[in-house]
Amino acid sequence: AAPVMLSRFRGALVGSVLGDCIGGEFEGAVDVPLDRVLQHLSALEDETRGDGILQYSDDTAMMRCVADSLLTRMAFDERDMARRFAKEYNLAPDRGYGSGVIQVLRKLASPHLKDVFQPAQAQFGGRGSFGNGGAMRAAPFALAFRSRNDVRKYARHGAMLTHSCSLGYNGAMLQALAVHLSLQGALALPKEFINKLISEMEEMEKDETAQLDAKALNLSDFPYCSRLHRVKELMDRNGVSIEEVISELGNGIAALQSVPTAIFCVLHCLEPRDGLPEQFGGLERTIAYSLALGGDTDTIACMAGAIAGAHYGIDSIPQSWQMSCEGVAEADDLAHRLYDLYCLP
Ligand code: 8NA
Ligand code: MG
Ligand code: MG
């Protein structure tokens with residue numbers, strides 16, 4: 001069923017941009033009452049509203065670089081991707097980049113740089129960033145590569161251009177794998193979906209570097225696996241509160257505190273939920289719920305939007321939402337072209 005697949009590709013990238021643009025409103029907020037979220041969302045339907053279209057942030061800016069690079073090179077080319085990140089930052093430095101990653105992006109602009117992975121490795125006293133900046137832009141890897149091995153490998157390398165801590169690049173791999181599985185319809189069986197992600201992360205977190213990084217950061221062994229197990233527990237629980245989700249999974253700028261959270265938002269919103277409008281479809285619920293968690297709302301909604309968009313497809317996304325956000329047409333075009341690349345024999 002080829003058209004269904006295309007719809008999933010488009011849903012993934014457009015869903016990601018919408019999450020970023022719509023989520024920007026509450027980025028960094030500690031307490032976001034659901035009323036305010038619903039007010040913000042219903043304003044998207046008001047064509048006469050004064051504040052113009054919602055701007056995208058670093059999440060979408062970097063996602064576009066990833067997609068453009070994969071499309072132009074028809075493969076993963078670290079130097080090309082690094083150059084695009086640097087150029088994009090230079091053109092639009094005020095998109096809300098993390099305070100650490102800016103130093104990497106400046107170094108990546110140097111024509112004398114020999115090893116494009118080196119600036120990321122120098123971050124945070126040589127430990128590398130564990131922020132969610134690798135994960136927020138990981139969706140295109142799932143659209144460009146068919147084999148799960150390639151999705152894993154290139155999502156990791158793509159993240160390592162800015163995030164050399166294993167918590168950072170493992171979060172990016174987890175996000176890319178979630179989109180990969182969702183594109184294939186795996187969310188039809190939610191339990192199997194989360195179990196597959198857990199077994200994937202078990203493999204990754206066996207790695208010696210991952211073990212050392214977890215220790216150095218005072219985390220338990222297998223930090224992603226343990227969060228994903230919590231996701232699974234929360235899935236089974238009736239009437240789980242926003243406060244519980246935040247305290248069990250987090251809502252912060254660390255990949256560990258946001259990628260499993262985004263996955264939970266998608267799983268939780270597969271069904272109608274109290275407090276969310278009945279007329280909302282699954283993608284609308286997912287974005288609304290992501291915003292209600294507060295914290296790094298643009299990035300959590302961006303990641304959840306990509307996974308949910310890959311599941312529900314482009315037709316699940318209201319026109320009014322698409323017309324309210326910057327960069328939707330460009331994301332849709334990238335999705336079409338990635339689909340063509342994916343379908344090449
Ligand atoms: P990053 O690599 O600069 O990491 C983000 C932040 O995480 C850093 O500035 C540090 O504070 C902290 N951090 C990461 N690694 C370490 C470490 N090893 N030791 C100590 N502290 C560390 O940037 P990024 O690309 O990962 O940023 C991702 C997030 O920042 C995104 O949400 C993006 O939208 C942006 N952002 C978030 C907010 C917010 O309030 N949530 C505001 C502006 C920008
Ligand atoms: Mg952002
Ligand atoms: Mg953010």
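Start at 1 and go down the list; that is how both ligands and their atoms are numbered. The first residue in the sequence is number 1, and the count goes up from there. Values reported hereafter were calculated over all heavy atoms of this structure, with side chains retained and with hydrogens, waters and symmetry mates removed.
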Atom pair [atom1] ([X]) and [atom2] ([Y]), whose distance is rounded to the nearest 0.5 Å:
X: M173; Y: M201; atom1: CE; atom2: CE; result: 6.0 Å
X: S290; Y: I300; atom1: OG; atom2: CD1; result: 7.5 Å
X: D296; Y: M136; atom1: CG; atom2: CE; result: 9.0 Å

Atoms in ligand 1 flagged as close to [X], the criterion being non-hydrogen separation under 4.0 Å:
X: G28; value: 40 (O)
X: G133; value: 24 (P), 25 (O), 26 (O), 28 (C)
X: G96; value: 33 (C), 34 (O), 35 (C), 36 (N), 43 (C), 44 (C)
X: G100; value: 3 (O), 9 (O)

Before accepting this row, confirm whether a basic side-chain N of the pair E203/R152 lies closer than 4.0 Å to the acidic partner's carboxylate O.
->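 Judged by the 4.0 Å cut-off on N to carboxylate O distance, E203 and R152 do not form a salt bridge.
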Taking NZ, NE, NH1 and NH2 as the nitrogens, is one of them in R337 or D340 under 4.0 Å from a carboxylate oxygen of the other?
->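 Here R337 does not pair with D340 in a salt bridge, since their nearest N and O are not under 4.0 Å apart.
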Aromatic Y89 / basic R106 pairing, under 6.0 angstrom, 45° off normal =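 Here R106 fails the 6.0 Å and 45° test against Y89.
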[atom]: the protein heavy-atom neighbour that sits closest, reported with distance to 0.1 Å:
atom: atom 23 (O) of ligand 1; value: G98 CA, 3.6 Å
atom: atom 8 (C) of ligand 1; value: F124 CZ, 3.7 Å
atom: atom 4 (O) of ligand 1; value: S129 OG, 3.5 Å
atom: atom 28 (C) of ligand 1; value: N132 OD1, 2.9 Å
atom: atom 19 (N) of ligand 1; value: F130 CE2, 3.4 Å

I'd like to know whether ligand 1 has [X] as a neighbour, heavy-atom separation below 4.0 Å.
X: H163; answer: yes
X: G134; answer: no
X: C165; answer: no
X: S99; answer: yes

Would you indicate which of Q103, E27, M303 comes nearest to atom 43 (C) of ligand 1 when only heavy atoms are counted?
->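 Of the listed residues, E27 has the closest heavy atom.
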Which of these, L217, D296, L105, has its nearest heavy atom closest to atom 32 (O) of ligand 1?
->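 Looking at heavy atoms only, D296 sits closest to atom 32 (O) of ligand 1.
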Can you list, pair by pair, the side-chain donor-acceptor contacts under 3.5 Å of residues 27-41, counting residues two or more places apart and other chains?
unit_1: H40; atom_1: NE2; unit_2: I22; atom_2: O; d: 2.9

Part of [X] with heavy atoms under 4.0 Å of ligand 1, whether side chain, backbone, both or neither:
X: D58; answer: side chain
X: D298; answer: side chain
X: D59; answer: side chain

Donor-acceptor list for residues 264-283 side chains, cut-off 3.5 Å, not counting sequence neighbours:
unit_1: R273; atom_1: NE; unit_2: H268; atom_2: O; d: 2.6
unit_1: R273; atom_1: NH2; unit_2: H268; atom_2: O; d: 3.1

Would you say [X] has any N or O atom under 3.5 Å from an N or O of ligand 1, going by distance alone?
X: V101; answer: yes
X: I253; answer: no
X: G128; answer: yes
X: G295; answer: no

Kindly say whether [Y] contributes a backbone atom to a donor-acceptor pair with the side chain of [X] at under 3.5 angstrom?
X: Q257; Y: A254; result: no
X: R230; Y: E248; result: yes
X: E88; Y: C65; result: no

Might you work through the salt bridge (charged side-chain N to carboxylate O under 4.0 Å, His left out) test for R95 and E326, ending with a clear yes or no?
-> CA-CA 12 Å; R95 292 267 187 198; E326 182 194 12; 3.0 Å; yes
Listed pairs under 3.5 Å, donor-acceptor, residues 181-196 side chains, sequence neighbours left out:
unit_1: S182; atom_1: OG; unit_2: I307; atom_2: O; d: 2.7
unit_1: S182; atom_1: OG; unit_2: H311; atom_2: N; d: 3.1
unit_1: K191; atom_1: NZ; unit_2: D236; atom_2: OD1; d: 2.8
unit_1: N195; atom_1: OD1; unit_2: K232; atom_2: NZ; d: 2.7
unit_1: N195; atom_1: ND2; unit_2: K191; atom_2: O; d: 3.2

Show the numbers, then the answer: is there a side chain to side chain contact (heavy atoms under 4.5 Å, CB included) between E45 and W321?
-> CA-CA 7 Å; E45 274 146 50; W321 289 26; 4.0 Å; yes
What pair of heavy atoms forms the shortest contact from A301 to L291, and how long is it?
->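 In this case the closest contact between A301 and L291 is CB-CD2, 3.8 Å.
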Closest approach of C165 and R127, non-hydrogen atoms and distance?
->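 Minimum heavy-atom contact is CB-O, 3.4 Å.
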Between N251 and T261, a side-chain donor and acceptor under 3.5 Å |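 Not at all, the side chains of N251 and T261 share no donor-acceptor pair under 3.5 Å.
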Please list, in chain and residue-number order, the protein N/O/S atoms closer than 2.8 Å to the Mg ion (ligand 2).
->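 Those protein N, O or S atoms (cut-off: under 2.8 Å from the Mg ion (ligand 2)) are S57 OG, D58 OD1, D59 OD1, D298 OD2.
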